[in-house]
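Have a look at the structure below before the remarks.
If you're wondering where the values come from, they're calculated on a predicted model, not measured in any experiment. Below, chain A is the first sequence line, B the second, and so on; all start at residue 1. Side chains included, hydrogens not; waters and symmetry mates left out as well; all remaining heavy atoms used.
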2 protein chains.
Amino acid sequence: MKSVSLNDFINRLHIMKKNTVTMNDVAEKTGVSKTTISRIINQIPNAASKDTTEKVLKVIDELGYYPNQVAASLKRTTTRTIGLVMGDIENPFYGLVIKGVEEVVRSSGYSLILANSNYDMAAEIELCMLMLSKQVDAILVAPSGSSSCNQYAAVFERQTHLVFMDNYIPGCNVDAVMVNNFKASKEACNHLISLGHREISFIAGTPKKISSDDRTRGFLSALNEKYGSSVTPVVKNGDYTVAGGYNCMKQLLEMPEIPTAVFIANNLMTVGALGAIKDAGLRIPGDISVLGFDDMNWYSINQPSLTAIDQPAFEIGKTAARRVVMRLSHQKQPAPEIIQLDARLIVRDSTAPPRSHRITPKS
Amino acid sequence: MKSVSLNDFINRLHIMKKNTVTMNDVAEKTGVSKTTISRIINQIPNAASKDTTEKVLKVIDELGYYPNQVAASLKRTTTRTIGLVMGDIENPFYGLVIKGVEEVVRSSGYSLILANSNYDMAAEIELCMLMLSKQVDAILVAPSGSSSCNQYAAVFERQTHLVFMDNYIPGCNVDAVMVNNFKASKEACNHLISLGHREISFIAGTPKKISSDDRTRGFLSALNEKYGSSVTPVVKNGDYTVAGGYNCMKQLLEMPEIPTAVFIANNLMTVGALGAIKDAGLRIPGDISVLGFDDMNWYSINQPSLTAIDQPAFEIGKTAARRVVMRLSHQKQPAPEIIQLDARLIVRDSTAPPRSHRITPKS
DNA sequence: TCATATAATGAAATCGGTTTCGTTAAACGA
DNA sequence: TCGTTTAACGAAACCGATTTCATTATATGA
């Protein structure tokens, strides 16, 4: 019987009307007007005498009053909330970007509304609109693909502050923060070239996505500068997924002449590619060198440790958030720009000079 | 000069007062009252004639009107927003939990406010309060440690719906969703025992955190059931960090008799531990078997592939979110319960029978 | 000393929706 | 045919803050 009455008690607790102490209650109990109370809460200088302030604060404490920010937001026409739309929050790279964003956003006095688009471009826009109707002050988005700019027109019409991260939609003329993909990719490829590789294959990401295409271009550029038309680069499309990486790698390993090195455009595809190499029974870097875009915390403890391009994910998030906060606090708005941070190549053991022995694909 | 005028244009765009089409504008243009328009937007049955509805929708479309949810929330006293407080959004495990939460929350018509506590217990409470003042309808939190329940008192006073994930604060009497840590941990340890191991060490997480202690208890229980007091289990405290895992493992490898197997209480510490083993030049599983809590996508492609306990992180998030949505939609509130999902042991190559050779710690 | 600045305060309007009461007219039931 | 629903609307109150515009008292300056 005891448990029944406990349940009842809990039910009542939950159904009970929410504890709604409003500013009116404080006003009534103190005999001070809402105006003054509001000023005290918002710490307006010279708004209330020491006496009044103390009295009000005491009552606020007694009643357990805390201001309803929804009401405040309505009148202020600003919610001090920023929207964040990501393609895949599960990916540790994006996780770190989010962490960076969150840190800056919160320490600047804003909150974060998060949504996951699952790389669905239509959903992405939809989510932006939803956030706008929730009156976010600005939106940060990691665009999934290359929606043309006019798909974002609906968002622009609302004239919010918009900042892209990790990728951008061309022609949109908004701030974007990302790594210098072309440069990083070229540097990575040059590393392989400097080791003596010629037959380098590239497992690319989502086609037509700017960030992805930049990586491809960087790869091709390095190869072309060194070898011109004497080598025909092999580029496969892995769509940034583990499965995609696995399949691409498998295809590469079925070529008559297996490449001596692979460069893989992101972390998930690298996992897939490593799986395919393992399944094929090949050794890294003895049989094939492997270099991945995105560094992961386990790359250094992998056998062999993996050479990778380290994107400053945390910094990307922080920079983008700072940009947004800047736009929200300054009146003067600098022209939107594409801010490119530098990635850095971390050379480890998975890249080595090309094999001298022949490998024939099985099956 | 061209660029200057462009900048000016952009500046004006941003400074320009926000495009504020309100319901009043729609009312004026259609000659229909706000009341009816509100009803049409909220699709109240039998609220407006076909004619009126069409007319209103047309004007809404023309004006590009979209409702201000802040205003709506104020009157409704519900924001259809749920708060989410995590310890570390960078950790892929939590990333997946968040993803699960987000999916359910959004598909149920709610939005998500996300905050990262960096495992700071005081910040955790602070963030809950912040969210409450933003009038979230409920809060999901992955409690960092074992704050006593009365630290959460401030949150409870507000009578929101609160659901814990991954861990819980004893005595709080709220819903909690997590894995059966004791059972999973015991099963893992039994797996090692069944391979013949006696000298099994455990690298534990944050002490006094329930979820962590449950894992330790599970480990100890298995060991005790098998060997009683004939073995003295070695438990180190790694605090759930990579560095912690590394240090603990290093200490273990400096013991006079190195354990034949280690069981590590989470993914980050496993990375650290693997690093220490690699640095020591030991072979897995030849010299030592390794088993980690939390499965990662790269465990299967690691050399050797890693035996691990796979927590249903996505499911944890979804379950917790569903619980919250349930509480928000039903009047009748079932008693809070601790929902324990089953983790599963995935046996791979990092666990094998104990070595037969002796290893002496160097230095 | 008198005009003026400043501190300290409050009444009432406002933000942009939702909701409560009405009201009217048409449909329905007996 | 007459009372009763039900459909289709609207005026005005309301949600809980902020902000504008006054007002009063006190301090300051010339």
Which residues share a side-chain hydrogen bond (donor to acceptor under 3.5 Å, both in side chains) with B:Y94, sequence neighbours left out: B:D166
Whole angstrom value for the distance that separates P of D:dA8 from CD1 of B:I40: 11 Å
Which atom pairs, donor and acceptor, lie under 3.5 Å between side-chain atoms of residues 119-128 of chain A and protein residues at least two apart or in another chain?
residue	atom	partner	partner atom	Å
A:D120	OD1	A:A122	N	2.9
A:D120	OD1	A:A123	N	3.0
A:E124	OE1	A:S144	N	2.8
A:E124	OE1	A:S144	OG	2.6
A:E124	OE2	A:Y152	OH	2.7

Nucleotide C:dT18, atom C1' - distance to CZ of B:R80 in whole Å: 15 Å
Footprint string (nucleotides 9-18 of chain D, 5' to 3'): B base within contact, S backbone only, - free, heavy atoms under 4.0 Å: BBBB-BBBBB
Cationic N near anionic O, under 4.0 Å, A:E54 to A:K58: no
Test side chain to side chain contact (heavy atoms under 4.5 Å, CB included) applied to B:V70 and A:V70, step by step: CA-CA 6 Å; B:V70 170; A:V70 170; 4.0 Å; yes
Rounded distance in Å - CD (A:E28) to C1' (C:dG10): 16 Å
Contact summary for A:R323 and A:I339, nearest pair of heavy atoms: CD-CD1, 3.9 Å
